[in-house]
S.K.: 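Here it is, the structure, as structure tokens.
A quick note: this is a predicted structure, and the numbers were derived from the prediction, not measured. Below, read A as the first sequence line, B as the second, and so on, with proteins coming before strands; counting in each chain starts at 1.
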Amino acid sequence: MPHYDPVRRCHFWVYPGWVYLMASGGAHIHHVLHTLARRVSACTGLPDEKILGMLRPPPKAEMGDYAFPCFELAKEKKKAPPVLAKELAEVLIRDVELAQVVHRVEAEGPFLNFHAQRGVLCSAVLRKVCDPTAPYAQSGEGAGKTIVIDYSAPNIAKPFHVGHLMSTVLGASLVRIHRLLGYKVEGVNHLGDWGTQCGYQFLAWQRADPKVREEQLAARGLEYLVELYVGINQPAKTIKGLEEELLDKNIAVQPDMRAKLEAQIAERKPAADEIDREARALFKKLEDGDAELRALWLRMRETTLAVLQKSYDRLGVSFESSAGEGFYEEYMKKMVKELKDGGKLTFSEGAWVIPLSEEGAKKKRPPFIIIKSDGGTKYDTRDLAAAIYRKETYGFYKNLYVVSVPQSAHFEGLFLALEKLGHAWAKDCVHVSFGIMQIKEGDETLPMSTRSGRMIPLNELLDTMVEIVRKIVEEKNPELPAAQKAVVAEAVGVGAIVFWIQSRRRTSNIVFDWKGATSPEGDTGPYVQYTHARACSILRKFGAKVPLQADLTLLVENEELAVCKQLERFPAVVQDAAAGYEPSLIATWLLETSRAFNDFYNKHQVLKAEHLNLMQARLVLVDATRAMLAKGLGLLGISAPEEM
RNA sequence: GUCCCCGUAGCUCAAACGGAUAGAGCAGCGGAUUUCUAAUCCGCAGGUUGGGGGUUCGAUUCCCUCCGGGGACGCCA
């Protein structure tokens with residue numbers, strides 16, 4: 001018969017034999033959640049899977065461990081939700097199997113709240129986490145499926161700056177997350193090594209003094225190429241700036257200022273146009289097979305790759321393929337011919353295109369341009385060729401593009417074009433977009449860009465953070481051997497940046513600020529790493545093998561339960577992160593888990609626990625948490641030092 | 001002009017299919033160390049979720065509208 005709780009204004013039922021069951025149960029329970037779902041299923045008729053999806057944690061821990069909302073079922077059964085909740089509670093409390101995992105059932109309004117048998121829950125979760133035969137959070141959902149992930153994709157002869165970090169870090173995490181779920185993953189670095197920009201590079205090179213450029217390239221490598229690129233873009237940039245000034249309201253009303261600006265633009269225009277014309281011609285020459293330019297192109301590509309590799313090494317990123325845009329040159333020619341011969345292209349305004357909007361359609365889209373009016377190809381052409389190539393080569397289940405939000409229109413166009421060409425797999429292509437990195441300049445926030453020189457080189461950022469961390473290590477842990485200090489500083493410094501980048505939902509824009517990016521306190525990567533190091537420290541001081549045979553049902557404290565419930569969620573979090581292409585979910589989970597563990601750490605002793613059995617059980621808890629923190633960090637591409 | 005995204009505490013961000021009293025961190029104030037790492041933990045304070053309307057038992061979440069910010073719009077990538 002139900003008891004009434006006047007504080008919570010709800011009825012609750014207590015299973016009479018729960019004390020006995022708590023002491024003896026647990027060993028054969030694999031998962032509290034699954035048992036719960038099965039028993040609720042038995043009395044509601046809803047399938048287990050569905051119930052598993054509906055169960056959620058109540059807003060406050062005191063309210064219970066799992067809640068089942070009765071709204072949907074109530075509608076079906078034509079009953080008021082609170083009435084149904086009460087009825088279900090009365091049935092469930094007599095359920096002997098359920099009583100092995102739940103000691104109290106409450107109907108609180110339209111919700112059915114379950115209080116788990118704490119020891120049973122902790123024990124079941126930890127056994128699963130520590131099971132060496134079935135790695136936790138691993139799954140077979142991706143068995144036999146290949147996912148292509150296109151990420152990083154920097155341009156050659158340009159610096160690798162913080163803006164590129166998003167695609168690289170996000171893509172690499174998606175690679176690791178999908179691998180854990182059993183997918184075969186092909187990570188592709190679609191280098192921006194083809195296109196009109198190459199023409200600009202060539203032109204700048206040709207205009208430089210032959211002796212000077214050789215010396216400079218030998219001495220400064222990529223840095224020199226960037227300087228050339230920024231230099232050749234200078235006239236165009238100046239004009240753009242003047243044009244923007246012209247749009248300014250205050251200037252528009254002053255005729256003399258206006259005339260002055262217009263004259264300045266007119267004066268500079270011919271030179272800029274000349275550069276543009278020559279650059280385009282040079283790229284066309286490369287596409288037409290000029291041997292000298294080809295050699296220069298290869299040189300620039302190699303120079304860039306050598307520098308990029310250092311950054312990739314530092315971030316722990318590697319690719320299955322570095323087939324850049326230039327790679328598709330031959331394949332592209334074949335495709336273009338087929339499209340033309342097959343009558344799939346339309347001639348429009350001097351270019352060959354695939355029209356994307358019907359005549360008179362209300363949503364107008366620019367066409368997908370396959371051949372420009374000068375006969376050259378566009379990135380549209382190369383992306384189309386690459387998509388088809390990837391389908392043929394990998395037979396992908398999904399084809400992901402980790403590219404910034406501003407390019408969404410381009411990818412919508414690409415997928416639409418594929419569809420128009422009759423490729424049903426166009427629906428398997430996904431633009432995993434992310435917000436842009438902006439930077440404060442005065443009181444304006446502007447996007448980072450190489451052309452304007454408004455950017456922060458990646459290495460500068462990483463080095464700064466590593467230096468900050470090095471000082472902290474020096475202060476907090478001076479006894480650490482010097483070599484280890486350096487390793488820790490690198491791991492924590494780089495980890496802080498990588499975590500910061502991934503700690504928010506990917507589509508939000510980031511305004512770069514040094515303080516936010518480099519803080520080692522609060523909701524940060526170092527906080528998670530520190531928590532991990534603390535756990536390692538306990539295990540190190542214990543000094544022996546973790547007693548896995550310990551009686552884990554002894555773990556019944558609030559803080560122990562909170563940690564176990566976090567660990568229980570991990571596999572679902574990984575799945576959600578994969579399904580939504582959202583590694584930030586793992587970052588959030590890591591912070592929550594760290595908070596739960598630190599809370600436990602502050603309130604309870606492990607090595608000086610009240611008795612030996614409890615110490616053993618807590619050691620398993622510590623070990624499991626340590627392992628999952630390391631695993632989560634690993635998925636985000638962050639290493640977990642054992643001391644710091 | 002057309003289309004897309006965003007607007008949550010002073011700041012940076014959370015909030016699972018629409019669910020219970022909207023949560024963290026930073027900054028501010030006040031506490032905890034004879035203790036397994038204080039890069040930690042606890043407490044206080046901080047909100048008309050941009051405004052208005054609608055759908056719903058229930059809206060930060062979905063729809064409409066207005067305001068504010070950002071972005072994309074045929075031969076750059």
S.K.: How is A:Thr531 classified with respect to the nucleic acid when contacts are heavy atoms under 4.0 Å: base, sugar-phosphate, or nothing?
M.R.: nothing

S.K.: Distance criterion of 3.5 Å, no angle test: do you see the side chain of A:Thr524 paired donor-to-acceptor with the base of B:rG25?
M.R.: no

S.K.: Please work out if A:Pro406 contacts a base, only the sugar-phosphate, or nothing of the nucleic acid, heavy-atom cut-off 4.0 Å.
M.R.: sugar-phosphate

S.K.: Does B:rU2 pair with anything, Watson-Crick or G-U wobble, both distances under 3.5 Å, and if so, with which nucleotide?
M.R.: B:rA72

S.K.: For the side chain of A:Lys372, counting heavy atoms from C-beta on, which of B:rC75, B:rC42, B:rG25 is nearest?
M.R.: B:rC75

S.K.: Pick base, sugar-phosphate or nothing for A:Pro58, based on heavy-atom distances below 4.0 Å to the nucleic acid.
M.R.: base

S.K.: Which one, B:rC36, B:rA14, B:rG74, comes nearest to the side chain of A:Ser508?
M.R.: B:rA14

S.K.: Please determine whether a side-chain nitrogen or oxygen atom of A:Tyr527 lies at a distance below 4.0 Å from atom OP1 or OP2 of B:rC41.
M.R.: yes

S.K.: Between A:Tyr379 and A:Trp194, is the ring centre distance below 6.0 Å?
M.R.: no

S.K.: Just to be sure I understand the rule, does A:Val622 reach a base, reach only the sugar-phosphate, or reach nothing, if contact means heavy atoms closer than 4.0 Å?
M.R.: nothing

S.K.: Hey, are A:Lys378 and A:Asp380 close enough for a salt bridge, meaning a charged N less than 4.0 Å from a carboxylate O?
M.R.: yes

S.K.: From the set B:rC75, B:rC57, B:rC42, return the single nucleotide nearest to any side-chain atom of A:Asp599.
M.R.: B:rC42

S.K.: Under 6.0 Å between ring centres: does that hold for A:Phe415 and A:His410?
M.R.: no

S.K.: Pick base, sugar-phosphate or nothing for A:Phe111, based on heavy-atom distances below 4.0 Å to the nucleic acid.
M.R.: base

S.K.: Using a heavy-atom cut-off of 4.0 Å across all strands, would you classify A:Ala409 as base, sugar-phosphate, or nothing?
M.R.: sugar-phosphate

S.K.: OP1 or OP2 of B:rA38 sitting under 4.0 Å from any side-chain N/O of A:Arg534?
M.R.: yes

S.K.: Can a side chain N or O of A:Arg505 be found less than 4.0 Å away from OP1 or OP2 on B:rA15?
M.R.: yes

S.K.: Whole-Å distance between B:rA77 C1' and A:Phe283 CZ?
M.R.: 11 Å

S.K.: Check this for me: does the side-chain of A:Ser373 come within 3.5 Å of the base of B:rC75 through a donor and an acceptor?
M.R.: yes

S.K.: Please figure out whether A:Tyr530 or A:Ile436 has its closest RNA chain B nucleotide nearer the 5' end.
M.R.: A:Tyr530

S.K.: Is A:Gly195 touching bases, backbone alone, or none of the nucleic acid, heavy atoms closer than 4.0 Å?
M.R.: sugar-phosphate

S.K.: Can you tell me the pairing partner of B:rA27 across any strand shown, Watson-Crick or G-U wobble, with both distances under 3.5 angstrom?
M.R.: none

S.K.: Checking base pairs now: Watson-Crick or wobble, both atom distances under 3.5 Å. What partners B:rC36?
M.R.: none

S.K.: I'd like to know if the side chain of A:Arg382 pairs up with that of A:Thr377 as donor and acceptor (distance under 3.5 Å, no hydrogens or angles considered).
M.R.: yes

S.K.: What nucleotide, of B:rC57, B:rA77, B:rA15, holds the atom closest to the side chain of A:Lys378?
M.R.: B:rA77

S.K.: Fit a plane to each ring of A:Phe570 and A:Trp589, take the angle between them on a 0 to 90° scale, and name the class: parallel (under 30°), tilted (30 to 60°) or perpendicular (over 60°).
M.R.: tilted

S.K.: What is the distance, rounded to the nearest whole Å, between atom CG of A:Leu33 and atom C1' of B:rA16?
M.R.: 14 Å

S.K.: Which whole-number value in Å describes the distance from A:Asp383 CG to B:rC75 C1'?
M.R.: 15 Å

S.K.: Of the nucleotides B:rG71, B:rC73, B:rU40, which has the atom closest to the A:Pro366 side chain?
M.R.: B:rC73

S.K.: Which listed nucleotide (B:rC36, B:rG70, B:rG74) is nearest to the side chain of A:Val353?
M.R.: B:rG74

S.K.: Heavy atoms under 4.0 Å, any strand shown: does A:Gln529 hit a base, just sugar-phosphate, or nothing?
M.R.: nothing

S.K.: Just call it for A:His604: base, sugar-phosphate, or nothing, with non-hydrogen atoms closer than 4.0 Å on any strand.
M.R.: base

S.K.: Heavy atoms from C-beta onward define the side chain here; which of B:rA20, B:rC36, B:rC41 lies closest to that of A:Pro59?
M.R.: B:rA20

S.K.: Is it possible for you to check whether A:Arg534 lies under 6.0 Å from the centre of the six-membered ring of A:Tyr601, through NZ or CZ, and within 45° of that ring's axis?
M.R.: yes

S.K.: When the C1' atoms of B:rC5 and B:rC75 are considered, how many whole Å apart are they?
M.R.: 26 Å

S.K.: Tell me what A:Phe368 touches on the nucleic acid: a base, only sugar-phosphate, or nothing, going by heavy atoms under 4.0 Å.
M.R.: nothing

S.K.: Return the value, rounded to whole Å, for the distance between atom CG of A:Asp374 and atom P of B:rG74.
M.R.: 17 Å

S.K.: Where does B:rA16 land, syn or anti, once you apply the within-90°-of-0 test for syn?
M.R.: syn

S.K.: Classify A:Val473 by what it touches in the nucleic acid, base, sugar-phosphate, or nothing, heavy-atom distance under 4.0 Å.
M.R.: base

S.K.: Contact class for A:Glu325 vs. all strands (heavy atom < 4.0 Å): base, sugar-phosphate, or nothing?
M.R.: sugar-phosphate

S.K.: For B:rA24, does either OP1 or OP2 sit under 4.0 Å from a side-chain N or O belonging to A:Arg595?
M.R.: no

S.K.: Please classify the nucleic acid contact of A:Tyr601 as base, sugar-phosphate, or nothing, using heavy-atom distances under 4.0 Å.
M.R.: base

S.K.: Strictly below 4.0 Å, N to O, side chains only: are A:Arg365 and A:Glu412 in salt-bridge contact?
M.R.: yes

S.K.: So which nucleotide from B:rC41, B:rG74, B:rC36 ends up closest to the side chain of A:Leu607?
M.R.: B:rC36

S.K.: Classify A:Pro57 by what it touches in the nucleic acid, base, sugar-phosphate, or nothing, heavy-atom distance under 4.0 Å.
M.R.: base

S.K.: Report the glycosidic orientation of B:rC17: syn if within 90° of 0, anti in every other case.
M.R.: syn

S.K.: Are A:Arg56 and B:rA16 close enough that a side-chain N or O sits under 4.0 Å from OP1 or OP2?
M.R.: no

S.K.: So, are A:Arg569 and A:Glu592 salt-bridged, with charged N and O less than 4.0 Å apart?
M.R.: yes

